[in-house]
Amino acid sequence: VVEEAGKDEL
Amino acid sequence: MNIFRLAGDLFHLISIFILIHKMTTSKSCSGISFKSQALYLLVYVTRYLDLFWTFALYNSTMKIIFIGSSAYVLHLMTGPFKPTHDPNIDTFKVRYLIGGAAILALLFPYKWTPAEVLWTFSIWLESVAILPQLFMVQRTGAAETITTHYIFALGAYRALYIPNWIYRYLTSTFWDPLSIIAGVIQTVLYSDFFYIYYTKVLQGRKFELP
């Protein structure tokens, strides 16, 4: 799920 | 969300609170690196561009707090408390940090879009943004206890993200190599500091470098 990687973190 | 991530974010909030508290009660920003603070604002502004197109109550609130408090700290350092800042001991060459982060971001983003490249830039830049502050502490050979608490809380934030990533990988095979590598580098940069903080400050002694 590279697209979403890390984007739900700060 | 898991306990490590939540604890990490709380440490981040605590670090900001300590920093602003120190500055406003002592009416001074002595011992605080302006360069590190400016880098953090750059980190938050480039990473949280998605505020314009995604909304999640927790994340969006935190992002606004980080950008806002960072801008406020810079305002204090350039306005009311400017006379207490000594640029002569804040001499780390940040152009190499910005340049290095920019090169890595252009070479290895997840996608070559402006937002992704800036996000990657912010991840790399954050991993090294504390260096001017650590350099300043090293130059002066000592730091006020409150300043060491600030640096510790800021370091603990990314260090706690590491068990968060391990937990997320084990429970949902979440895997974000960029964040993880940069986060580990960031934590390693703090390790000397953590060691001295643990052996000196927590045992009630003054923070002085050996």
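Note that the coordinates shown come from a computational prediction; the quantities given were computed from them, not determined experimentally. Each chain gets a letter, A, B and so on, in the order the sequences are listed, and its residues count up from 1.
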Side-chain ion pair, B:Arg168 and A:Glu9, N-O less than 4.0 Å: yes
Verify ring-ring contact (aromatic ring centres under 6.0 Å, His included) between B:Tyr197 and B:Phe152, making sure each step is shown before the conclusion. CA-CA 8 Å; B:Tyr197 181 82; B:Phe152 172 80; 4.5 Å; yes
Would you say the ring centroid of B:Phe11 lies under 6.0 angstrom from that of B:Phe17? no
I'd like to know which of B:Phe66, B:Tyr161, B:Trp165 tops the heavy-atom pair count under 4.5 Å against chain A. B:Tyr161
Non-hydrogen atoms of chain A under 4.5 Å away: do they reach the side chain of B:Asn59, the backbone, both or neither? both
Could you check whether B:Tyr44 and B:His12 have their ring centres less than 6.0 Å apart? yes
Engaged part of B:Tyr48 at the chain A interface, taking heavy atoms whose separation is under 4.5 Å: side chain
